[in-house]
Amino acid sequence: TEDFYIDGSLDVKGDLNLYNSDINVNGNQLTVDGNVSSNMCCINPQGGKVYCKKDVIAQYYSRYYTSGFYMANDNDYVYIGGNFTVESGANGTYTKGTIELKGDFTQTTKYYSDNFAASGSHKVILSGDKKQTVKFDSTNSTFCNLVLENYSEEGIYAPNGLNATNITWNGCKVDDGSEGVCGWKLTEDEIVEGNMYLSYGEMDLNGYNLTVMGNLIQSCGDLKVNGGSLTVEGNYYIQKETKVEGSEPTYSASKGYLIMTNESDKVLVLGNFVMGANASSSGKLTNGVLEVKGNVTQKTYGNQSNFVTTG
């Protein structure tokens, strides 16, 4: 079948079901009032705008075909008013442009586990006005630049964590199903009694001293030393902890980062240190001093460069 090229603006009043034929928006505007499904084909904004008012599904046909969007232009903009489900066989192209999503995001592995692996400058904005759920089947699929703009009371529910290279938190609430707190910006030295669970948001030491008198478990969120100092009297796990009644806790990949970029940054761990982030530490461990009195362990959860120091 032949691809379809839009000359001017096109408004589709009902559903848009695509099969084995790409739509090239050609820098113009496509608006769909109903649902959108693509099978063995993609919608390419080519610098234009696509408004999908309801749900979008990138369907699976076979492992050889991709579905969804082809986004390789800085001006590409896709608005999805409902849910976005990705189950295509192969990865689409998500290297530039922006997807703004009001509903839920679901990545399902039918064959290849990296069928939504965004990179480059591609951005996803979660801007729902009620609870949004984000589910990834695999850590091989990921957002690249994720911006949170859901300011509802329930916020964002991500039971498998937020797979993203970079996250702009904007103070939004995120629940990954684990015990924990949202990071905050210190305005004075602080002491945390017992264990501390950092589950989302940015923990900015802001030149002050934070002392954790137990273990520090960072399942998600950024810990930005920012000219301050962190002392952990127990163990420091950059991992997600799962508790099972009657058994020892188990640990899995963290979506969090330790950020040390200032010469005066200091982190002292009196126990063990475990780096189990699922993304690269590139540009995040460039200065300061990390001192560990116990054992140091690096765990690989899909990315082997999660503990690379430079500078």
Side-chain angles (χ1 to χ4, degrees), residues 22 24-25 27 38 40-50 52 56-58 60 63-80 84-101 105-127 134-149 156 158 160-170 174 220-222 253-257 259 276-286 300-308 310:
D22 293 342
N24 297 282
V25 180
S38 63
M40 294 194 301
C41 57
C42 292
I43 298 175
N44 185 352
Q46 294 179 311
K49 293 178 170 57
V50 179
C52 308
V56 174
I57 181 169
Y60 173 80
R63 63 178 178 170
Y64 301 108
Y65 294 96
T66 186
S67 303
F69 298 96
Y70 185 97
M71 302 183 69
N73 187 301
D74 287 331
N75 296 319
D76 288 352
Y77 175 78
V78 174
Y79 171 92
I80 302 175
F84 184 25
T85 302
V86 178
E87 56 181 38
S88 62
N91 182 30
T93 297
Y94 301 94
T95 59
K96 297 181 180 180
T98 300
I99 294 176
E100 181 173 0
L101 177 61
F105 176 88
T106 304
Q107 178 268 327
T108 301
T109 299
K110 296 289 187 179
Y111 191 87
Y112 291 111
S113 59
D114 62 346
N115 55 356
F116 188 89
S119 60
S121 61
H122 189 267
K123 181 191 300 182
V124 172
I125 302 173
L126 299 180
S127 61
V134 174
K135 289 185 179 179
F136 281 94
D137 258 3
S138 171
T139 57
N140 292 326
S141 283
T142 181
F143 301 124
C144 187
N145 302 289
L146 178 63
V147 179
L148 307 184
E149 294 184 0
I156 296 162
N160 298 326
L162 292 172
N163 291 359
T165 304
N166 301 294
I167 301 177
T168 302
W169 296 92
N170 289 322
V174 178
C220 194
D222 299 336
S254 167
K255 310 303 189 299
Y257 294 103
I259 302 174
N278 74 333
S280 171
S281 65
S282 176
K284 295 177 172 63
L285 298 172
T286 61
T300 297
Y301 298 103
N303 194 307
Q304 297 179 348
S305 60
N306 61 354
F307 194 34
V308 177
T310 57

Test applied, side-chain contact (heavy atoms from CB on, under 4.5 Å); reference residue, Phe69; option that passes from Asn44, Asp76, Val56: Val56
Assess whether side chain to side chain contact (heavy atoms under 4.5 Å, CB included) is satisfied between Ile99 and Met71, documenting all intermediate values. CA-CA 9 Å; Ile99 294 176; Met71 302 183 69; 3.6 Å; yes
Among Asp137, Thr139, Asn140, which residue satisfies the side-chain hydrogen bond (donor to acceptor under 3.5 Å, both in side chains) criterion with Ser113? Asn140
With sequence neighbours left out, write down each residue that passes ring pair (Phe, Tyr, Trp, His ring centres under 6.0 Å) with Phe307, or none if nothing qualifies. Phe273
Dump the intermediate steps for side chain to side chain contact (heavy atoms under 4.5 Å, CB included) on Tyr79 and Ser127, then the final yes or no. CA-CA 10 Å; Tyr79 171 92; Ser127 61; 5.8 Å; no
Got more than 12 heavy atoms from elsewhere within 6.0 Å of NZ, Lys123? no
Testing the basics here: between Cys220 and Ser254, what is the closest heavy-atom pair and its distance to 0.1 Å? N-OG, 4.0 Å
Report yes or no: does Asp22 contribute a side-chain atom to a donor-acceptor pair with the main-chain N or O of Cys42 at less than 3.5 Å? yes
Is there a donor-acceptor contact under 3.5 Å from the side chain of Asn278 to the main chain of Ala253? no
Heavy-atom nearest pair, Gly256 first then Ala277, reads O-CB, 3.5 Å
Minimum heavy-atom distance Thr95-Ala72, with the two atoms named: OG1-CA, 3.6 Å
For the side chain of Thr142 and the backbone of Asn163, is there at least one donor-acceptor N/O pair under 3.5 Å apart? yes
Main chain of Ala117, side chain of Ser141: is a donor-acceptor contact present, judged purely on distance under 3.5 Å? no
First locate atom CG of Leu146, then atom CG of Leu126, and finally report the distance between them rounded to the nearest 0.5 Å. 5.0 Å
Nearest 0.5 Å please: distance from the CD1 atom of Ile125 over to the CZ atom of Phe143. 12.0 Å
Gly276 and Tyr301 have their tightest heavy-atom pair at O-CD1, 3.2 Å
Between Val78, Asn24, Val25, which is the residue that forms a side-chain contact (heavy atoms from CB on, under 4.5 Å) with Ile43? Val25
Test your reading of the model: is there a side-chain donor-acceptor pair from Thr165 to the backbone of Asn145, 3.5 Å cut-off? no
Side-chain contact test, heavy atoms from C-beta onward, threshold under 4.5 Å: evaluate it for Asp74 versus Ser121 and give yes or no. yes
Would you indicate whether the side-chain heavy atoms of Asp222 and Trp169 approach each other to under 4.5 Å? yes
If you round to the nearest 0.5 Å, how far is OG1 of Thr85 from NZ of Lys135? 11.0 Å
Taking it one step at a time, do Asn115 and Glu87 satisfy side chain to side chain donor-acceptor pair (under 3.5 Å)? CA-CA 7 Å; Asn115 55 356; Glu87 56 181 38; over 6 Å; no
Spatial distance of atom CD1 (Ile156) from atom CG (Leu148) [nearest 0.5 Å]: 4.5 Å
Gap between atom OH of Tyr257 and atom OG of Ser280 - 0.5 Å precision: 7.5 Å
Quick check: does any side chain N or O of Gln107 sit under 3.5 Å from a backbone N or O of Ser138, one acting as donor and the other as acceptor? yes
Search all heavy atoms of His122 against all heavy atoms of Tyr94 and return the closest pair with its distance. CB-O, 3.4 Å
Heavy atoms of Glu149 and Asn170 approach each other most closely as CG-ND2, 4.0 Å
Suppose we call two aromatic rings close when their centres sit under 6.0 Å apart. Are Phe136 and Phe105 close by that rule? yes
